[in-house]
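Let me begin by presenting the structure, written as structure tokens, before commenting on it.
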Amino acid sequence: MAKIAFILLCHKDPEAIVKQAQMLTSKGDYISIHFDARAKREAFETIREGLKDNPNVAFAKRRIKCGWGEWSLVEATLYAVEAAVETFPRATHFYMLSGDCQPIKTADYIHSYLDENDCDWIESFDFFESDWIKTGMKKERLIYRHWFNERTQKWRFYATFNFQKRFGLTREIPADIQVQIGSQWWCLRRETIEKVLDFKRARRDVMRFFRTTWIPDETFFQTIVRHLVPEKEIRTRTLTFLMFTDYGMPLTFYNDHYDLLLSQDFLFARKISSEAVELKERLGSLFGETGVSFQISAEGPSLFRFLTGRGRIGRRFATRFWETESTLGRDRELMIIVCKKWHVAKRLLESIHAQTGVPSIAYLFNEESTPLPDLGGIQGTLGKRTRHRRALMRMLFDYYDTNRLVVCLDPSSLDLLYDFFGDRSRTRLLEIQCKFSDDYLIGHATRIGLAGSQTPQETIERILPTIRQDMVLESDRIRDANFENHVRMREIDSTDDHIGVLMDFLSVDRDSAEAIASTQHLFED
């Protein structure tokens with residue numbers, strides 16, 4: 001009978017990881033865990049302590065800091081695989097999982113399924129001929145070298161990329177391999193895994209190549225397995241059920257998706273929401289049951305397309321079904337800076353990011369040119385961003401892999417504030433109240449089209465009080481809304497006052513708040 005060594009890459013929620021590992025090993029299978037070194041050591045110790053008496057658990061010998069799109073994800077996987085191969089000699093299959101994955105069949109069903117199919121399960125489509133990559137870079141992932149993380153070191157990533165592109169500094173793909181691409185969620189037989197590890201040790205040229213490709217977790221195993229294993233022994237699909245929205249983001253499953261998941265021709269599903277406690281409990285109970293039969297209809301993708309299409313017929317901006325009751329997540333914290341002087345908020349935002357590392361985005365609902373990652377088109381225009389505001393924010397939390405995010409809004413965006421404060425996530429508001437000179441107000445009138453170079457001085461003098469009063473009214477409307485966790489930082493207050501406000505808003509210590517409050521030229525026009 002098949003004996004599975006699950007390869008688990010995870011980075012958060014240690015208590016949930018312990019439960020997941022205990023469940024997956026309850027029927028005699030194994031698990032090898034790599035816990036991201038970016039996480040706190042205390043969290044890792046919680047996992048080790050919780051699993052110390054389980055002989056079917058192993059840990060990667062080295063924890064490394066993982067980053068999306070980096071070689072580090074493949075490296076972490078290899079460390080976990082090596083630990084599993086060494087520790088569990090009876091393992092017949094190695095199944096790649098994340099902390100967001102849950103079984104959607106019983107353990108008996110999963111074992112029988114693998115016994116009946118002597119093959120490797122891995123998506124591996126021709127990199128250049130397939131349409132697996134829908135948008136963004138394609139051949140550039142391979143022919144140029146990528147040393148930096150596109151999400152956390154965007155400037156360096158694109159600076160080195162553009163330099164290579166400008167001077168034609170391309171490189172050759174190793175001549176004897178045909179690069180493949182596909183999902184990182186695979187299930188491989190033991191002999192295949194051992195061949196991959198032997199290849200890793202023998203072909204340093206190929207390893208050097210993949211170390212500086214972009215998003216190698218979608219190409220490394222997919223290419224090497226196809227290179228080493230006869231095509232007839234490979235099923236070019238994953239056994240983990242996952243779907244994507246029309247914006248290219250993973251669809252998240254909730255409590256009411258239980259019946260849908262069980263009917264799919266897959267063994268596991270991803271991503272299960274951290275809030276779907278009932279779903280996780282039901283799937284965990286199901287895993288240990290015996291004698292359960294499943295009616296496989298595999299209608300998930302077609303149902304998804306149908307519901308998406310139906311939501312648009314006759315209603316141009318109808319809500320997609322996955323956005324119903326959309327929430328950013330209970331465990332997430334959205335921190336909003338509201339300021340009429342955009343340059344002041346942007347300076348503060350840069351300082352906050354530098355001191356705390358929290359991802360920060362300026363005026364994404366007010367300024368079309370705000371730099372945003374490619375989220376499949378939802379970020380393309382202000383109209384789309386505003387219509388799908390919660391979906392956009394959730395995608396940004398997922399993109400930056402964070403539970404804390406800071407954004408800036410104009411004080412006029414009261415409807416957005418009401419919406420975000422109505423979410424189940426924790427929302428904080430920092431209102432920056434600035435002094436407005438006549439010169440600034442005149443410039444503001446020009447920017448919004450109330451005045452121009454030919455506008456008479458007497459007209460400008462007549463509209464200045466109205467503009468100033470409008471700004472006061474915007475602040476009053478925010479105050480009258482009685483938002484929770486609303487603090488104010490006034491230009492006229494002392495630095496000590498600013499420090500106290502920032503400590504409250506950001507939940508940081510005094511030294512960090514003082515460094516942020518001391519931002520040079522913060523309130524200067």
Problem - pair Leu279-Tyr254: side-chain heavy atoms closer than 4.5 Å - result: no

Practice task
Compute whether any side-chain donor of one residue and acceptor of the other, for Asn403 and Glu333, lie under 3.5 angstrom apart.
Solution key: no

Exercise for the section: Step by step, work out the salt bridge (charged side-chain N to carboxylate O under 4.0 Å, His left out) result for Arg332 and Asp398. Expected result: CA-CA 11 Å; Arg332 286 172 168 170; Asp398 289 340; 2.6 Å; yes

Problem - Polar contact flag, side-chain donor to acceptor under 3.5 angstrom, Glu431-His486 - result: yes

Handout entry: NZ/NE/NH1/NH2 to OD/OE distance under 4.0 Å, Lys346 and Glu367
Key = yes

Handout entry: Sidechain-backbone polar pair: Glu368 side chain, Leu382 backbone, donor-acceptor under 3.5 Å
Key = yes

Practice task
Determine whether Met393 and Asp423 make a side-chain contact, defined as any pair of heavy atoms from C-beta on separated by less than 4.5 Å.
Solution key: no

Exercise for the section: Verify whether one side chain among Asp509 and Ser512 offers a donor that lies under 3.5 Å from an acceptor in the other. Expected result: yes

Problem - Option from Val407, Asp415, Thr386 for which side-chain contact (heavy atoms from CB on, under 4.5 Å) with Phe365 holds - result: Thr386

Handout entry: Stepwise ring-ring contact (aromatic ring centres under 6.0 Å, His included) check, Phe221 with Trp186
Key = CA-CA 9 Å; Phe221 284 96; Trp186 41 255; 4.9 Å; yes

Handout entry: Heavy-atom side-chain contact between Asp493 and Arg490 under 4.5 Å
Key = yes

Problem - Sub-4.5 Å side-chain heavy-atom contact between Phe127 and Glu218 - result: no

Practice task
Classify the ring geometry between Tyr30 and Phe88 as parallel (under 30°), tilted (30 to 60°) or perpendicular (over 60°).
Solution key: parallel

Practice task
Kindly indicate, with the supporting measurements, whether the criterion salt bridge (charged side-chain N to carboxylate O under 4.0 Å, His left out) is fulfilled by Arg347 and Glu350.
Solution key: CA-CA 5 Å; Arg347 288 172 190 161; Glu350 291 179 4; over 6 Å; no

Listing, residues 57-69 side-chain donor-acceptor contacts under 3.5 Å, not counting sequence neighbours, or none:
{"from": "Lys61", "atom 1": "NZ", "to": "Glu86", "atom 2": "OE1", "distance (Å)": "2.9"}
{"from": "Lys61", "atom 1": "NZ", "to": "Glu86", "atom 2": "OE2", "distance (Å)": "3.4"}
{"from": "Arg62", "atom 1": "NH1", "to": "Tyr79", "atom 2": "OH", "distance (Å)": "3.1"}
{"from": "Arg63", "atom 1": "NE", "to": "Phe35", "atom 2": "O", "distance (Å)": "2.7"}
{"from": "Arg63", "atom 1": "NH2", "to": "Asp36", "atom 2": "O", "distance (Å)": "2.7"}

Practice task
Taking the side chain as every heavy atom from C-beta outward, state whether Cys408 and Leu349 have any atom pair closer than 4.5 Å.
Solution key: yes

Exercise for the section: Consider only side-chain N and O atoms of Thr219 and Arg141, and report whether a donor and an acceptor are under 3.5 Å apart. Expected result: no

Exercise for the section: State whether the side chain of His34 and the backbone N or O of His11 hold a donor-acceptor pair below 3.5 Å, judged by distance alone. Expected result: no

Handout entry: Test item: side-chain donor near acceptor, Thr427 and Asn485, under 3.5 Å
Key = no

Exercise for the section: Have a look at Phe157 and tell me which of Trp147, Phe148, Trp214 forms a ring pair (Phe, Tyr, Trp, His ring centres under 6.0 Å) with it. Expected result: Trp214

Exercise for the section: Determine, for Lys154 against Glu150, whether the closest basic-nitrogen to carboxylate-oxygen distance falls under 4.0 angstrom. Expected result: yes

Handout entry: Aromatic Phe266 / basic Arg237 pairing, under 6.0 angstrom, 45° off normal
Key = yes

Practice task
Decide salt bridge (charged side-chain N to carboxylate O under 4.0 Å, His left out) for Arg41 and Glu45; before the verdict, give the C-alpha distance in whole Å, the side-chain angles of both, and the deciding distance to 0.1 Å.
Solution key: CA-CA 6 Å; Arg41 182 170 184 82; Glu45 292 303 325; 3.3 Å; yes

Problem - Min side-chain heavy-atom separation Thr87-Ser32 under 4.5 Å - result: no

Practice task
Search all heavy atoms of Ser507 against all heavy atoms of Arg404 and return the closest pair with its distance.
Solution key: CB-NH2, 4.2 Å

Exercise for the section: Could you tell me whether a side-chain N or O of Asn366 sits under 3.5 Å from a main-chain N or O of Asp410, the two making a donor and an acceptor? Expected result: yes

Practice task
Could you pull out the closest heavy-atom pair between Ile33 and Cys10, with the gap in Å?
Solution key: CG2-SG, 3.8 Å

Problem - Any side-chain heavy-atom pair of Leu8 and Gln20 under 4.5 Å - result: yes

Handout entry: side chain to side chain donor-acceptor pair (under 3.5 Å) against Asp504, all qualifying residues, sequence neighbours excluded
Key = none

Exercise for the section: Taking atom types as modelled, find out whether Asp496 and Ser494 have a side-chain donor-acceptor pair closer than 3.5 angstrom. Expected result: no

Handout entry: Smallest separation among heavy atoms of Phe209 and Leu142, with atom names
Key = CE1-O, 3.6 Å

Handout entry: ring-ring contact (aromatic ring centres under 6.0 Å, His included) between Phe94 and Phe6, intermediate numbers included
Key = CA-CA 6 Å; Phe94 295 75; Phe6 294 104; over 10 Å; no

Practice task
Give a yes-or-no answer on whether the side chains of Thr212 and Tyr144 include a donor-acceptor pair shorter than 3.5 Å.
Solution key: no

Handout entry: Min side-chain heavy-atom separation Ile181-Gln222 under 4.5 Å
Key = no

Handout entry: Pairs flagged by side-chain hydrogen bond (donor to acceptor under 3.5 Å, both in side chains) wherever residues 197-209 is involved - sequence neighbours left out
Key = Glu82-Lys200, Asp176-Arg203, Asp198-Arg201, Arg203-Asp205

Handout entry: Check: Arg145 side chain, Phe161 main-chain N or O, donor-acceptor pair, under 3.5 Å
Key = no

Exercise for the section: Please work out which of the three classes, parallel, tilted or perpendicular, describes the rings of Phe483 and Phe421, given edges at 30° and 60°. Expected result: parallel

Handout entry: Minimum-distance pair of heavy atoms, taken over all atoms of Tyr363 and Lys341
Key = OH-O, 4.1 Å

Practice task
Mark yes or no for whether His498, through its side chain, and Ile516, through its backbone, hold a donor-acceptor pair below 3.5 Å.
Solution key: no

